[in-house]
**Student:** 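Next up is a structure, given as C-alpha cells.
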Amino acid sequence: MRAVLLHGPYDIRVEDVDKPSPSRGEVVIRVKAAGICGTDLHSYRGKHPFLRPPRILGHEFSGYVAEIGEGVTGIEVGERVVVEPLISCGRCDACIRGEYNVCRNLKVLGVHVDGAFAEYVKVPAEKVYRLPKGVSYEDGALIEPLAVAVHVTRRSKIGLGDSIAILGSGPIGLLIAQVARCAGARRIIMTDVLDYRLRLAERLGADVTVNAKDEDPVKRILEETNNMGVDVAIEAAGAPPTPAQALRVTKPHGRVVIIGFFEMPSVQLNILDIVAKELHVYGSRVYWHDFATAIELLSEDKIDVRSLVTHKYGLEEAKEAFEVLDKKIGRPIKVLLTL
Ligand code: ZN
C-alpha cells in the first residue's frame, strides 16, 4: 500500500509499505480522509518528544472497515467509521479507573505506532465509531479535533452565561468556540497572531477578536470585561506567552484550561495569579468518552467543521500539504489528505 512516512525532520516520503493485517481484537480501516494536526506538524519539525522515525503519521481520520480480526463482533466490513486513535494499556491505575486518556502507557496512532496517512491502518476494534449517514468522510476526519474541543469544554465546566477567552484561534480554538457556545457561553473573546484566523473566528461566532501582535491581549480582554476578567480562559495556542496570559485574564475563582504544550516545556507563570484569585487550573489531554458527543454535535449540524478546511491534497501530494501548513502558504487552517 502507499503511505506517508516521516524519516526525520522535514523529510516526508510517500512510499510502498506492507499493508497491515489485523491481529486479534483489531480491524483494518481503509482511510478515506485524514487531517494534518498540529501534532503532526511538530513531528514534521522534529520537535515531538516521543516520535521515533520512520513512522506513518496521522491520527485524525475517517474511512471504512476493510478487514476484521479474530474475536471482533458487532462491526462489519464496509461500514463507514471514525476512530478514536488512542491505545491504552488497560492495566495501569488510570485505565482501571476507566480514565484511559491519562493511561500511564498511552500510545497514540501516528506517534507511537503507525498512523492514518496511508491507504490502510490497523486499530483496536473498540476504538471504532460508526459515522452517521449524513456525515461525509471529509467532515468525519474532523471528529477527532472536535472531540478535543468537547473534552476541553467539559474540563472547564463552561455553562450558561459564562464569558470565555480562547487564546489561540487554530483549528482547536475555533472548534472550542463553537462547542463552548453550545454549552451556554455568553461572550467569547479569541486571540491569535494571524488575522485570517481571527476573521474566521468572527464568522464562527467569536464576539471579540484580538490580534496579540497588534495589541496587548491581557489589557484588551480585561477592558472587554469591565476589568472583571473572564469566567474561563483556555490556552489553545501552545505558545510560551499564553499560559501566563490565561492566568492574568481570569476572574477570581475562575477556571483556566491548558491544552497546548509542545513548544513550551518551561514557561514563566506568576503563581500569585493562581493563589490570590484561587484559580482552578486544569490540564486537558485528548478525550475521554467525548467521541460520541462530538459525532452527535456534527451529525446534528451544531458545529461547522467545513469552514476550517482550507486545503485538500491527495496522499501522493503529502509533502506539499506539510509545506503549506509549515510555511503558512495560502492561509491554511485545516489541511486534509483525501484518498
Ligand atoms: Zn493504562
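Note that ligands are numbered from 1 as they come in the structure, with each ligand's atoms numbered from 1 the same way. Start at 1 with the first residue, then count along the sequence.
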**Student:** So Y137 and Y64, would you call those rings parallel, tilted or perpendicular, with 30° and 60° as cut-offs?
**Tutor:** tilted
**Student:** Scan for ring pair (Phe, Tyr, Trp, His ring centres under 6.0 Å) pairs involving residues 310-339, sequence neighbours excluded, and state none if there are none.
**Tutor:** Y44-F322
**Student:** Between the side chains of R203 and S307, does any donor sit under 3.5 Å from an acceptor?
**Tutor:** yes
**Student:** Would you give me the side-chain donor-acceptor pairs under 3.5 Å for residues 98-105, sequence neighbours excluded?
**Tutor:**
unit_1 : atom_1 : unit_2 : atom_2 : d
E99    : OE1    : R97    : NE     : 2.9
E99    : OE1    : R97    : NH2    : 3.1
Y100   : OH     : E84    : OE2    : 2.8
Y100   : OH     : H289   : N      : 2.9
N101   : ND2    : R285   : O      : 3.1
R104   : NE     : D93    : OD1    : 2.6
R104   : NE     : D93    : OD2    : 3.3
R104   : NH2    : D93    : OD2    : 3.0

**Student:** Do R154 and T293 get their side chains close enough for a donor-acceptor pair, meaning under 3.5 Å?
**Tutor:** yes
**Student:** Between side-chain atoms of residues 65-72 and protein atoms elsewhere (two or more places apart, or another chain), which donor-acceptor pairs fall under 3.5 Å?
**Tutor:**
unit_1 : atom_1 : unit_2 : atom_2 : d
E70    : OE2    : R24    : NH1    : 3.2

**Student:** For the Zn ion (ligand 1), which protein N/O/S atoms fall under 2.8 Å? Skip waters.
**Tutor:** C89 SG, C92 SG, C95 SG, C103 SG
